[in-house]
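Both counts, for ligands and for their atoms, begin at 1 and track the order of listing. Just so it is clear, the structure is predicted and the values come from calculations on it, not from any experiment. The basis for the numbers below is simple: all heavy atoms, side chains too, and nothing from hydrogens, waters or symmetry mates.
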Amino acid sequence: MAIESTLLIVKPDGVRRRLVGEVLRRVEAKGLSIEAMRMLTIDRSLAEEHYGEHSEKPFFGELVDFITSGPIVVARLTGEQAISVWRTLIGPTNPVDAPPGTIRGDLCTVITENLVHGSDSAESAARELKLFFGE
Ligand SMILES: Nc1nc2c(ncn2[C@@H]2O[C@H](COP(=O)(O)OP(=O)(O)OP(=O)(O)O)[C@@H](O)[C@H]2O)c(=O)[nH]1
Ligand SMILES: [Mg+2]
């Protein structure tokens with residue numbers, strides 16, 4: 001067993017489209033535990049820090065505009081190999097390529113408005129959980 005924790009974000013499109021419950025239903029049905037959760041609207045400086053690895057990319061401005069455009073839901077998920085399990089539930093970055101059965105494959109079509117975020121490694125999970133939950 002390798003119990004891990006990871007960061008979930010339901011992005012502003014997910015909140016606007018009333019898909020928070022649908023996302024959390026899938027998380028819980030899979031067997032991950034929601035150990036902490038809150039809703040907030042993030043400012044540009046937190047968004048730029050969270051997505052710092054993409055600061056030189058051409059889509060960075062659009063990404064920061066979008067993630068700060070309304071309330072998001074953040075949660076700490078814990079369970080067996082939670083980091084990769086959560087990424088598998090989400091599906092590939094571009095919803096056009098995401099297979100049915102994944103959150104992005106079932107529920108969205110546009111790469112910027114791809115509904116949810118999941119930490120992509122143990123290092124990212126530790127860094128991102130500290131940003132949003134201080135631990
Ligand atoms: N317009 C555009 N947006 C992109 C592109 N690549 C990534 N993004 C956006 O930037 C976000 C972060 O990119 P990545 O970290 O590489 O993708 P990800 O890990 O699947 O997505 P997150 O869980 O949001 O971090 C993605 O969720 C997309 O919304 C791209 O080529 N074009
Ligand atoms: Mg990412």
Out of all atoms in ligand 1, which are within 4.0 Å of some heavy atom of K11? Include the element for each.
24 (O), 27 (O)

Output all residues satisfying side-chain hydrogen bond (donor to acceptor under 3.5 Å, both in side chains) with S84, sequence neighbours left out; order by chain, then residue number.
none

Looking at R104, which atoms of ligand 1 are within less than 4.0 Å of one of its heavy atoms?
20 (O), 21 (O), 22 (P), 23 (O), 24 (O), 27 (O)

Taken to the nearest 0.5 Å, the spacing of I9 CD1 from H117 NE2 works out to 5.0 Å

Nearest 0.5 Å please: distance from the CD1 atom of I42 over to the NE2 atom of H50.
7.0 Å

I need the contact type for I111 against ligand 1. Using non-hydrogen atoms and a strict under-4.0 Å cut-off, is it side chain, backbone, both or neither?
both

Does even one non-hydrogen atom of E113 get within less than 4.0 Å of ligand 1?
no

Indicate, as side chain, backbone, both or neither, the part of N114 found under 4.0 angstrom from ligand 1 when only non-hydrogen atoms are considered.
side chain

So is there a nitrogen or oxygen of F59 less than 3.5 Å from a nitrogen or oxygen in ligand 1?
no

Quick one: look up the protein heavy atom nearest atom 18 (P) of ligand 1 and list residue, atom name and how far away it is.
T93 OG1, 3.5 Å

So is there a nitrogen or oxygen of E53 less than 3.5 Å from a nitrogen or oxygen in ligand 1?
no

Min over E62, R87, H50, K57 of heavy-atom distance to atom 19 (O) of ligand 1 lands on R87

Is there a donor in the side chain of T78 and an acceptor in the side chain of S5, or the other way round, less than 3.5 Å apart?
yes

Below 4.0 Å from ligand 1: does a non-hydrogen atom of D120 turn up there or not?
no

Plane angle bin for H54 and F59 - parallel if under 30°, tilted between 30 and 60°, otherwise perpendicular:
tilted

Can you sort out which atoms of ligand 1 are near G118, meaning under 4.0 Å from one of its heavy atoms?
23 (O)

Salt bridge between E123 and R127, side-chain N to carboxylate O under 4.0 Å?
no

Considering only the protein, which heavy-atom contact is closest to atom 23 (O) of ligand 1, and what is its distance?
H117 ND1, 2.7 Å

Candidate list V20, V73, V74, test side chain to side chain contact (heavy atoms under 4.5 Å, CB included), partner M37, passing option
V73

Quick look: F66 vs ligand 1, heavy-atom contacts under 4.0 Å, and the answer is neither

Can you report which non-hydrogen protein atom sits closest to atom 11 (C) of ligand 1, along with the distance?
L63 CD1, 3.7 Å

Interatomic spacing from CG in D13 to CG in L115 - rounded to 0.5 Å
4.5 Å

Distance from W86 atom CH2 to K30 atom NZ, nearest 0.5 Å?
12.0 Å

So which pairs with a foot in residues 59-73 pass side chain to side chain donor-acceptor pair (under 3.5 Å), sequence neighbours left out?
R16-S69, R44-D65, E62-T112

For atom 14 (P) of ligand 1, the protein heavy atom that lies nearest, with its residue and separation:
H54 NE2, 3.4 Å

